[in-house]
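In what follows, every chain begins at residue 1, and chains take the letters A, B, ... in the order their sequences are listed. No experiment lies behind these values; they were computed from the predicted model shown.
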Amino acid sequence: MPFSPVSSKVSFPDMERDVLQFWKDKDIFRRSMKERENGPIFTFFEGPPTANGAPGVHHVLARVFKDVIPRFKTMQGYQVPRKGGWDTHGLPVELAVEAELNLTSKRDIEAYGIAKFNEKCKESVFRYVQDWESLSERIAFWVDMDDPYVTYSNEYIESGWWIFSQLWDKDLIYQGYRVTPHCPRCVTSLSSHEVALGYKDDAEDPSVHIKFRIQDSETAQKVLGEGGSPAYLLAWTTTPWTLPGNTGLAVAVGARYVIAEGPWGKDGGTERLILADALTDQALEGDYKIVGEISGRELVGLTYEPLFDYAVPDGYAGKVVAADFVLLTEGTGIVHIAPAYGAEDLSVGNAEGLPVVHTVNIDGAVTDYGGVPWAGKFFKDADPDITADLDERGLLLKGGTITHTYPFCWRCDAPLLYYAKESWYIRTTAFKDRLISANREIGWVPEHIGEGRFGEWLQNNVDWALSRERYWGTPIPLWLCDGCGDPTPIGSIEQLAGQAGLAGYTSDMDLHRPFIDDVTFSCGSCGGTKRRIPEVMDAWYDSGAMPVAQWHYPFENTDVFEQQQMADYICEGVDQTRGWFYTLHALAVLLFDRPAYKNVLSLGHILDEAGEKMSKSRGNVVEPWDILEARGADALRWYMYTASTPGNARRFSANLVGDTVRRFLLPLWNTYSFFVTYANVDGFDPASTPAPSLADRPLLDRWLVSRLQGLIGSVTDAMDRYEVMEATHAIESFVDELSTWYVRRNRRRFWKSDNDTDKAAAYHTLYEALTTISRLLAPFTPFVAEHMHRNLVSTLADDEPESVHLAEWPTVDDTLRDETIEADVRLAMRLSSLGRAVRGRAQIKVRQPLQEMLVMLPGRADRESLARIEDQLLEELNVKAVRAVDDESAFLSVRVRPNLQNLGRRLGGDLPKLTAHIEGLSDAELNTVAARVRDEQSQELAGFDLSHEDLLVDTSDRDGFISGAEGIHTVALNTEITTQLEREGLARELVRHLQELRRTAGLDVSDRITAYVSGDGDGVAGALSDFGDYVRQETLSVDILQTAPGDGATTNTVKLDEATVTIGVERV
RNA sequence: GGGGCAUUAGCUCAGGUGGUUAGAGCGCAGUCCUGAUAAGACUGAGGUCCCUGGUUCGAGUCCAGGAUGCCCCA
């Protein structure tokens, strides 16, 4: 027995566990890389997960897509190193530990002790590492986990330092302001997630319209024209406390503004106000008139007197600037800008050179500038004082209150303020154009992300705020002199150790806070002491540094780094667009002037069965382990690949994965099991049974061989384009045709008793298909592919690879392709389907033979095909003859239509003329036209010269005929049943019952029997007299006795053609 | 508020470059097959391709606007 038996009853999870054990025993993963050592390198970057939480289904999604491409490339001969990694730093880790320790603020953390706190963080990040590793193994995600990079290691940090010093040397690091949501009571920044927790819809705030007096200037005169009364810019705000920090006003350049004149002076005198035309009704009351009109563009560049002079630089004049966020739906179309207290304010301010002026301390108290009466008050409490002061000075147009949405601290309920803090930046905007052009070198799947989400993001690039006032992260390697402020960036441990006057350093120290904070050295310029700035890096910096830092470059592994510095392929969820995809890209462009990766697959999110986001709070999270236990990893993987375009969000449930098993894995397995069962019965050994040459094989064999070559081509092509779904869909339809057409149509060839060339051809053909499929499937469903390969290939010959994952990817042999045969079989399938439909409509079951099927085919090629597929149709549809007819007019009416694909472009607007002409033709005329088309002759219609390809001919049923048509093909059945046909039908019926009885009797398929048939009616006797040999042959009956069954027989009573018949079988 | 995606059969989803009668799986109804057999095959019903307008001889497909849902960023 050449092959291990394969039961059609299979537990995929059990089978997979065996395969896993085999991989482990034989070290297949490592060998799959080792054996390609001399192949070209295909570089994959693993985006590191954080192991402080358990992996979920969405991680499985990412990991199976990460896995499939490297497996494919490995089989193509590439060496695909896959270094694993762990992301270990960052705010989420800190927040989890904070919650665990019941700490609620940075003050708490510092009281607890940074060293102890960071120790807890470090412990927590590998809490679920076991889960991650076992899940990865179970789903066959092959990645090197023996030597992963870990972002908290000193080596990794040191590489991060090196990158920092490189950027510093290129003058790409600077200190600036960054606006963050800030709680004045907790004295801490909040993450966006925390901010989202604390919004209140019913916050009541002041709503004030403020007048900014325009300074006299040439520009002002030109814009405003002549006018005696003072002119003001009118702005609106809900945060009067920010007004002392105002350094600019923003307008919309495209909008129309007006000059309104009215009695708005302190003593009722006439004043002129400028505001957006669209908002005059909303903002102004009482008598006023419009005296002029100005475009927003003209306003830009005007200057105005600051409302308060105590905080702004001496002699500073406010500037009118352009901004795209100015709304014309509320306010005045002129927006008050305080760069210290708003993110948009700050970005406009940075772009326009507006100073950042703080008037509130970090604890929320108004700064004491000496003499401000409201100094020291809580910032919100100063609103009335400020408003009153402005009113006093005639700068308040109107005051009031508004109820709107405002964020509060989710912990202490204090109103948040958006507060500009000093922060360290990477000047990515200096490379904006290069970031954009480098992006064009990247292959995005789906394509739209590159131009859309990612491209837009790069277009709107702002400098990367690098520093975090936190604890558990890569310390920023910048030391400043406490005397003169002179900076020293540190690019390596060696450099640090070599500093003069070094203190607090030991060679084996942990580079994290707080230890690194104690390392100081002397300032070369002034003799002062240099201390590290307290901030740590944004954790995204770590992940973006991964191509460099995973190798501890440039301190080690320079050769490896140079080989693998640019990824051929990366893959993550779409949420990484502005995360890892960006930080990789930004650092690569800034450091190396090239993209970090050549191809990127961006995956959509996983939703639950109802289309809702999966989350713990909703309780709709599907556990990957449950599915793996029930259906297996191949099923889960195949579902991920086939269910939807990878970039789209997809719904997910255990049921959907179950469908995959039924639809794909079981038919595949059954085909495999079928082959093995009969190959073992016949002792078929592919090595010792000579393979008949292709020319000696029947048409269906040549079809399958050709079809298989086509499949290899399309799967390879799709995978080269990273179109995983396209590749898997192609395999799916092949397996479907293999199972439902090839195997079904050829079953007899496998179970007949002669061991002839035909049988050898069948075995070899199916064997080649199954072994090729196992290789094509290896990247997608590595388990079932392995099982098939090992059983069908490895065990037979020592020189065959012992694992499918060590085998080579199949390549197309064009000499085996035959388009004609593929067209033949497509036609056979289509005509069979039509024939069955006709039988269904006529209510004549396939078991009943019929005399004749008429087939009307339009093209010469199809008519030639028919001759080659005739025998398939006879058998499949159980008819005695298939006849091609030229003239279907007896049972069909003809329809002629213009071929739009040809004529649309050629005739354009004249097309309706032709359509109308054809519609007006009589049946006879249509038949003439159709006949010419069929003979492939050209003709003239409605004045147009038309070739046979310009017209399409098809048909529809006439009353009283049973026929079926699909597209251009039509079949009709002769439904007359003669006595002979009826007897043959009965014989087949009898065979079926006897076969069933054989099975009930538990007989082996090769057992010979005596059959008994007795009962009333002479139909059966007639059938046996005409078709007794046929029945004997089919049922392996030595004798058919028309008597009551003997004692040893298994019997049954069945209805045969109205008659009741007792049948029996007995082994001889 | 900005950007991106999605919306196609009861459900889950496919549908290069615009082209004739819009497909698959599941479910449903019916039938068949019977040496893959607690499997399998086929047929059928089922569609306002989210809405409105535009471009075009022709729009599920291209353009504009809108609706709903999701994601990212404010």
Side-chain angles (χ1 to χ4, degrees), chain A residues 6-9 192 195 324-325 327 329 342-344 347 446 448-449 451-457 459-460 573-579 604-605 607 609 611-613 639 642-645 647-653 655-656 658-660 662-664 666-667 669-675 677-678 681 725-726 729 732-733 736 739-741 743-744 747-748 750-751 832-841 843 845-847 897-915 952 954 964-967 991-993 995-996 998-999 1003-1006 1034-1036:
Chain A
V6 175
S7 164
S8 63
K9 285 168 195 148
S192 60
V195 175
D324 52 12
F325 56 77
L327 296 179
T329 50
E344 289 181 326
S347 78
H448 63 79
I449 303 269
E451 279 299 307
R453 190 181 280 220
F454 195 66
E456 292 289 336
W457 164 249
Q459 288 291 346
N460 298 316
V574 66
D575 51 306
Q576 293 298 325
T577 308
R578 283 142 160 95
H605 284 92
L607 309 172
E609 208 163 11
E612 299 273 332
K613 192 178 172 180
Y639 173 76
T642 53
S644 169
T645 317
N648 287 352
R650 72 189 62 212
R651 301 189 184 198
F652 184 84
S653 73
N655 285 337
L656 292 167
D659 288 344
T660 291
R662 274 193 301 279
R663 194 180 71 244
F664 177 69
L666 272 180
W669 189 268
N670 279 335
T671 306
Y672 167 47
S673 157
F674 173 87
F675 170 83
T677 304
Y678 288 99
V681 167
M725 189 183 75
E726 199 181 314
H729 281 184
E732 228 171 45
S733 46
D736 183 57
S739 155
T740 65
W741 194 261
V743 171
R744 195 166 53 82
R747 269 192 289 228
R748 271 167 192 277
F750 293 92
W751 73 58
S832 300
S833 159
L834 284 172
R836 276 188 293 262
V838 170
R839 272 185 175 274
R841 213 170 308 149
Q843 305 213 306
K845 53 181 69 167
V846 177
R847 226 176 294 127
R897 289 170 300 157
N899 185 349
L900 295 178
Q901 215 150 25
N902 286 351
L903 295 177
R905 206 158 289 126
R906 214 166 84 205
L907 302 188
D910 287 337
L911 198 56
K913 265 200 267 180
L914 178 62
T915 314
L952 297 174
D954 65 40
E966 190 188 337
V991 166
R992 188 191 135 225
H993 285 301
Q995 298 287 32
E996 192 139 338
R998 284 180 61 106
R999 209 169 24 248
L1003 299 185
D1004 191 83
V1005 294
S1006 52
E1034 286 296 307
T1035 57
L1036 297 186

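- Atom NZ in A/Lys9 sits roughly 15 Å away from atom C1' in B/rG40 (whole-Å rounding).
- Nucleotides B/rG60 and B/rG53, compared at atom P, are 14 Å apart to the nearest Å.
- For A/His448, taking side-chain heavy atoms from C-beta onward, the closest of the listed nucleotides B/rG35, B/rA14, B/rG4 is B/rG4.
- Between B/rU68 and B/rA29, the distance separating the two C1' atoms is 34 Å to the nearest Å.
- Taking CE from A/Met725 and OG from A/Ser644, the interatomic distance works out to 7.0 Å, rounded to the nearest 0.5 Å.
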Problem - Dot-bracket pairing map - RNA chain B, Watson-Crick plus G-U, both contacts under 3.5 Å, | cross-strand - result: (((((((..((((.....[...)))).(((((.......))))).....(((((..]....)))))))))))).

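- In this view, A/Glu456 satisfies the salt bridge (charged side-chain N to carboxylate O under 4.0 Å, His left out) rule with no residue, not counting sequence neighbours.
- Under 4.0 angstrom from either OP1 or OP2 of B/rC71 there lies no side-chain N or O belonging to A/Thr577.
- Pairing each heavy atom of A/Arg998 with each of A/Thr1035, the nearest pair is NH1-O, 2.8 Å.
- The nearest whole Å value for the distance from the CZ atom in A/Arg748 to the P atom in B/rG35 is 9 Å.
- When distances run from any side-chain atom of A/Glu456 to the nucleotides B/rG35, B/rG3, B/rG15, the shortest one goes to B/rG3.
- As rounded to whole Å, 16 Å separates atom C1' of B/rG15 from atom CD of A/Glu732.
- Straight-line distance from the CZ atom of A/Phe454 to the P atom of B/rG4: 15 Å, rounded to whole Å.
- For the OP1/OP2 pair of B/rA14 and a distance below 4.0 Å, the side-chain nitrogens and oxygens of A/Asn648 include at least one atom meeting the criterion.
- Counting non-hydrogen atoms under 4.0 angstrom, A/Gln995 reaches a base of the nucleic acid.
- What you find for A/Trp741 and A/Ser832 is that their closest heavy atoms are CH2-OG, 3.3 Å.
- In this structure, A/Ser7 contributes its side chain and A/Lys9 its backbone to a donor-acceptor pair below 3.5 Å.
- Note on A/Thr740: only backbone sugar-phosphate atoms sit closer than 4.0 angstrom, heavy atoms only; bases stay farther off.
- Along RNA chain B, the nucleotide nearest A/Thr642 and the nucleotide nearest A/Arg998 are compared for position; the residue whose nucleotide lies closer to the 5' end is A/Thr642.
- When the P atom is used for both B/rA59 and B/rC51, the distance is 15 Å, rounded to whole Å.
- Toward the 5′ end of RNA chain B lies the nearest nucleotide of A/Ser644, the other residue of the pair A/Ser644 and A/Arg744 mapping further downstream.
- Atom CG of A/Leu903 is separated from atom P of B/rC57 by 15 Å (rounded to the nearest Å).
- Salt bridge absent: A/Arg992 and A/Glu1034 never bring a charged side-chain N and a carboxylate O closer than 4.0 Å.
- Nucleic acid contact for A/Asp910: none, since no nucleic acid atom lies under 4.0 Å from a heavy atom of the residue.
- B/rU20 and B/rU31 have their P atoms separated by 35 Å, given to the nearest Å.
- Smallest separation of non-hydrogen atoms from A/Arg453 and A/Thr577: CD-OG1, 3.5 Å.
- Within 4.0 Å of A/Ser739, counting heavy atoms only, lies at least one base atom of the nucleic acid.
- Across B/rU61 and B/rC5, the matching P atoms stand 16 Å from one another, rounded to whole Å.
- For A/Arg663 and B/rC26, a side-chain-to-base donor-acceptor distance below 3.5 Å is absent, hydrogens and geometry of angles not being considered.
- A/Pro446 comes within 4.0 angstrom of no nucleic acid atom, judged by non-hydrogen atoms across all strands.
- Nucleotide B/rA24 holds its P atom 14 Å from the NE2 atom of A/His729, rounded to whole Å.
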Practice task
Begin with the C-alpha distance, continue with both residues' side-chain angles, and end with the deciding distance and a verdict on ring pair (Phe, Tyr, Trp, His ring centres under 6.0 Å) for A/Trp457 and A/Phe454.
Solution key: CA-CA 5 Å; A/Trp457 164 249; A/Phe454 195 66; 8.1 Å; no

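- Of all nucleotides listed (B/rA14, B/rA36, B/rC73), B/rC73 comes nearest to the side chain of A/Arg578.
- Atoms OG1 and CZ, on A/Thr915 and A/Arg897 in that order, are 11.5 Å from each other to the nearest 0.5 Å.
- In this structure, the nucleotide among B/rU20, B/rC71, B/rA41 sitting nearest to the side chain of A/Arg453 is B/rC71.
- Comparing B/rU37 with B/rU43, their P atoms sit 24 Å apart, to the nearest whole Å.
- Of the candidates B/rG3, B/rG35, B/rA74, B/rA74 carries the atom nearest the A/Glu344 side chain, counting heavy atoms from C-beta on.
- Comparing the same atom, C1', in B/rC62 and in B/rU17 gives a spacing of 12 Å after rounding to whole Å.
- Across every non-hydrogen atom of A/Val6 and A/Ser673, the tightest pair is O-OG, 3.0 Å.
- Across all strands shown, A/Leu1036 has heavy atoms under 4.0 Å from base atoms, whether or not it also approaches the sugar-phosphate.
- For A/Arg747, a side-chain nitrogen or oxygen approaches OP1 or OP2 of B/rA36 to under 4.0 Å.
- Comparing B/rA14, B/rG35, B/rU20 by their closest approach to the side chain of A/Thr645 singles out B/rA14.
- When the P atom of B/rU34 is taken as reference, atom CZ of A/Phe674 falls 15 Å away, rounded to whole Å.
- Atom pair A/Leu900:CG and B/rU21:C1' shows a separation of 13 Å (rounding to whole Å applied).
- Remark: the separation of the C1' atoms in B/rA9 and B/rA22 is 11 Å, to the nearest Å.
- Using a 4.0 Å heavy-atom cutoff across all strands shown, A/Thr671 reaches at least one base atom of the nucleic acid.
- Counting non-hydrogen atoms under 4.0 angstrom, A/Arg836 reaches the backbone sugars and phosphates but no base.
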